[in-house]
Amino acid sequence: MSYGYIGSMKTRPGHRDDVVAILLGGVDGLREAGCQLYVVGVSDTDDVTIWVSEVWQSREHHDASLRLPETRAAIGRAMPLLTGEFTSQKLVVAGGLGV
């Protein structure tokens with residue numbers, strides 16, 4: 001079974017698109033790191049919240065990806081633009097389209 005992670009983060013007003021760009025800027029290396037699905041979403045009715053859905057080969061792959069230099073750099077660029085309000089849910093992925 002794959003490891004899933006769904007999370008949200010709140011940005012400072014006016015910075016949602018900047019953070020989305022940071023999150024999507026590093027997708028090229030995710031597949032090699034063991035990521036099977038990485039989706040960044042926003043709502044037309046909420047201009048400060050970003051949702052991220054991820055599916056990984058394993059929790060170990062996910063955890064290792066957070067230690068990559070490019071991931072650490074992206075987190076460093078995004079953090080000043082965030083409010084510190086996060087939600088997260090870890091999952092065992094049972095299946096679905098695209099996984």
Side-chain angles (χ1 to χ4, degrees):
M1 294 265 194
S2 299
Y3 172 78
Y5 179 87
I6 299 172
S8 71
M9 61 192 80
K10 296 221 181 258
T11 66
R12 297 186 186 284
H15 291 290
R16 186 184 73 177
D17 292 344
D18 299 327
V19 175
V20 167
I22 292 168
L23 293 171
L24 294 175
V27 298
D28 291 340
L30 290 180
R31 191 166 307 280
E32 294 85 25
C35 186
Q36 299 170 328
L37 180 74
Y38 184 79
V39 178
V40 176
V42 296
S43 170
D44 289 338
T45 61
D46 180 343
D47 62 355
V48 296
T49 304
I50 300 170
W51 292 90
V52 180
S53 300
E54 305 174 36
V55 176
W56 292 83
Q57 291 175 9
S58 68
R59 182 175 181 160
E60 293 76 21
H61 282 91
H62 176 262
D63 293 348
S65 77
L66 295 175
R67 294 187 296 273
L68 294 171
E70 54 271 28
T71 303
R72 302 301 310 153
I75 291 170
R77 288 192 309 277
M79 287 305 287
L81 307 177
L82 301 173
T83 65
E85 298 173 72
F86 300 93
T87 66
S88 65
Q89 182 63 54
K90 299 171 184 174
L91 308 164
V92 173
V93 178
L97 184 63
V99 227

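Hydrogens, waters and symmetry mates are skipped; everything else that's a heavy atom, side chains included, is used. Along the sequence shown, residues are numbered consecutively beginning with 1.
- Within the 4.5 Å cutoff, the side chain of D46 has no heavy atoms near those of the W51 side chain.
- No hydrogens or angles considered: a donor-acceptor pair under 3.5 Å links the side chains of S2 and Q36.
- Looking at heavy atoms from C-beta onward, M1 lies out of side-chain contact with V93 at the 4.5 angstrom threshold.
- Here Q57 contributes atom CD and R31 contributes atom CZ; the two are 10.0 Å apart, rounded to the nearest 0.5 Å.
- In the hydrophobic cluster analysis, where Ile, Leu, Val, Met, Phe, Trp and Tyr join through side-chain heavy atoms closer than 4.5 angstrom, I75 is grouped together with I22.
- Taking 4.5 Å as the limit, every side-chain heavy atom of R16 sits out of range of all side-chain heavy atoms of V48.
- Residues T11 and T83 form no side-chain contact, since every pair of their non-hydrogen atoms from C-beta on lies 4.5 Å or further apart.
- One hydrophobic cluster holds both L24 and L81 under the rule that ILVMFWY side chains link at heavy-atom gaps under 4.5 Å.
- Between atom CD1 of residue I6 and atom OG1 of residue T87 there is a gap of 9.5 Å, rounded to the nearest 0.5 Å.
- In summary, the side chains of K10 and T49 do present a donor paired with an acceptor at a separation below 3.5 Å, with no hydrogens or angles considered.
- A donor and an acceptor atom, one from each side chain of T71 and S65, are nowhere located under 3.5 Å apart.
- The 12-atom threshold is exceeded at CZ of R12, counting heavy atoms of other residues, nucleotides or ligands nearer than 6.0 Å.
- Salt bridge annotation for R59-D63: present, with a cationic side-chain nitrogen under 4.0 angstrom from a carboxylate oxygen.
- For residues 52-96, every residue pair satisfying the ring pair (Phe, Tyr, Trp, His ring centres under 6.0 Å) rule, not counting sequence neighbours, is listed here: Y3-H62, Y5-H62, W56-H62.
- A single hydrophobic cluster is not seen to contain both V20 and V39; linkage of ILVMFWY side chains at heavy-atom distances under 4.5 Å, directly or through other members, places them apart.
- Criterion: ILVMFWY side-chain heavy atoms under 4.5 Å apart, direct or through other members. Under it, V40 and M79 are part of a common hydrophobic cluster.
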Check the pair V52 / L23 against side-chain contact (heavy atoms from CB on, under 4.5 Å), numbers first and verdict last. CA-CA 9 Å; V52 180; L23 293 171; 4.0 Å; yes
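- Residues M9 and V19 are in side-chain contact: their nearest non-hydrogen atoms beyond the backbone lie under 4.5 Å apart.
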